[in-house]
Number of protein chains: 2
Amino acid sequence: MSKPYRISELASEFGITTRTIRFYEEKGLLTPSRQANSRLYSDSDRVILKLILRGKRLGFSLQESCEIIALYNPQQGNEKQLQVFLNKIQQKRQQLIQQQHDIEIMLQELKNSEQQCLAYLANKSNSA
Amino acid sequence: MSKPYRISELASEFGITTRTIRFYEEKGLLTPSRQANSRLYSDSDRVILKLILRGKRLGFSLQESCEIIALYNPQQGNEKQLQVFLNKIQQKRQQLIQQQHDIEIMLQELKNSEQQCLAYLANKSNSA
DNA sequence: GCCTTAGTTGACGTTAACGTAAACGGCAGC
DNA sequence: GCTGCCGTTTACGTTAACGTCAACTAAGGC
């Protein structure tokens, strides 16, 4: 148990506002403890926050990030429940792989534009 | 010049609504021609629509997708403008690479969860 | 005791990206 | 000539993810 974080610490560490952090709590994603009237965030709260922000960078909604975080914590259950769980994992995997492809193509297209641009610059400085 | 598309054709091809397509036009992303009172979409309209949807899958806003599409069409300009252009490309590239990393990690974590789940299932069927 | 500096709750405001509904035009088929 | 069906414009509605503001409390410094 390391020292807990205050809300402003997390906010500045991750470059978000305290309002945002409280909003995530309101949505049930974070469950900090209280000391007097102040919130205290544990390491695991911090991890969850990190996961949320990672999801955000990939364009996932809070709801989706929430589901993904749930996928990180396999719970025991009967065989059927575990199958549902495995299917969900598979779905997310497909989605992520699709994103990988999209990114590959975008990077290639950006590279093409860059090449054209550089060629034009080189040509220009040649003729100058 | 191939046969132009009607709005419902594009909608069903991409699995979106006609309202969405009209919305993109409203935002200036698409500029279909008109025949009488109907919209006619060209191949290039279709390409742009594809790019928008790709951006969406990666969590980009319409505004961002718009900027990325602009990056695909290098315009001539003076050296300074071209430098700005190259910088923007570089920025987007960094963002995409960050997303690649995020995806790698997520995929790994999903894999871990899957392994745990499978191990539990195997164990269970063993003891049965 | 007063001020400043976090922090709190509660409420209303805002923006993007569409959804939805109303009222209308045009044409193909019967 | 009426019925669908596809399309149009206009306009108001909706949801997510916060921003912003007000009014308040609790702790620490001088």
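Below, read A as the first sequence line, B as the second, and so on, with proteins coming before strands; counting in each chain starts at 1. Note that the coordinates shown come from a computational prediction; the quantities given were computed from them, not determined experimentally.
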J.: Check the phosphate of D:dC18 against A:K56, side-chain N and O only, distance under 4.0 Å to OP1 or OP2. Yes or no?
T.: yes
J.: Expressed in angstrom and rounded to an integer, what is the separation of A:I16 atom CD1 from D:dT20 atom C1'?
T.: 17 Å
J.: Report the distance from atom CG of B:L53 to atom P of C:dA17, rounded to the nearest whole Å.
T.: 13 Å
J.: Any side-chain donor paired with an acceptor under 3.5 Å for A:E104 and A:Q100?
T.: no
J.: Can we say B:K92 and A:E114 salt-bridge, meaning some charged N sits less than 4.0 Å from an Asp/Glu carboxylate O?
T.: no
J.: Give the rounded distance in Å between these two atoms: CZ of A:F23 and P of C:dT14.
T.: 18 Å
J.: Considering residues at least two apart in sequence or located in another chain, which fulfil the side chain to side chain donor-acceptor pair (under 3.5 Å) criterion with A:Q116?
T.: none
J.: In whole angstrom, what separates B:E64's CD from C:dA17's C1'?
T.: 14 Å
J.: State, without any angle test, whether A:S42 and A:R46 hold a side-chain donor-acceptor pair at a distance under 3.5 Å.
T.: no
J.: For a quick test of reading the model, state the closest non-hydrogen atom pair linking B:L62 to B:I52 and the distance between them.
T.: CD2-CG2, 3.6 Å
J.: Find the distance B:Q63:CD to C:dA17:P and express it as a whole number of Å.
T.: 9 Å
J.: Taking side chain as C-beta onward, heavy atoms only, is B:Q75 less than 4.5 Å from B:Q81?
T.: no
J.: How far apart are the closest heavy atoms of B:L40 and B:D45, and which atoms are they?
T.: O-OD2, 4.2 Å
J.: Could you tell me how far apart B:I52 (CD1) and C:dC18 (C1') are, to the nearest whole angstrom?
T.: 13 Å
J.: Using nucleotides 19-22 of chain C, report all nitrogen or oxygen pairs with the protein that are shorter than 3.5 Å.
T.:
from: C:dG19; atom 1: OP2; to: B:T17; atom 2: OG1; distance (Å): 2.8
from: C:dG19; atom 1: OP2; to: B:T20; atom 2: OG1; distance (Å): 3.4
from: C:dG19; atom 1: N7; to: B:R19; atom 2: NE; distance (Å): 3.3
from: C:dG19; atom 1: O6; to: B:R19; atom 2: NH2; distance (Å): 3.1
from: C:dT20; atom 1: O4; to: B:R19; atom 2: NE; distance (Å): 3.0

J.: So, is B:R22 close to the D:dT9 phosphate, meaning a side-chain N or O under 4.0 Å from OP1 or OP2?
T.: no
J.: Using whole Å, report how far CG of B:L62 lies from P of D:dA16.
T.: 19 Å
J.: In whole Å, what is the span from the CD1 atom of A:I21 to the P atom of D:dC18?
T.: 11 Å
J.: In residues 26-41 of chain B, what residues come within less than 4.0 Å of DNA chain C, judged by heavy atoms?
T.: none
J.: Between the main-chain N or O of B:L71 and the side-chain N or O of A:S113, is there a donor-acceptor pair closer than 3.5 Å?
T.: yes
J.: Please check the phosphate of C:dA17 (OP1 and OP2 only) for any side-chain N or O of B:Y24 closer than 4.0 Å.
T.: no
J.: Less than 4.0 angstrom from a charged side-chain N to a carboxylate O is my criterion; do B:E25 and B:R34 meet it?
T.: yes
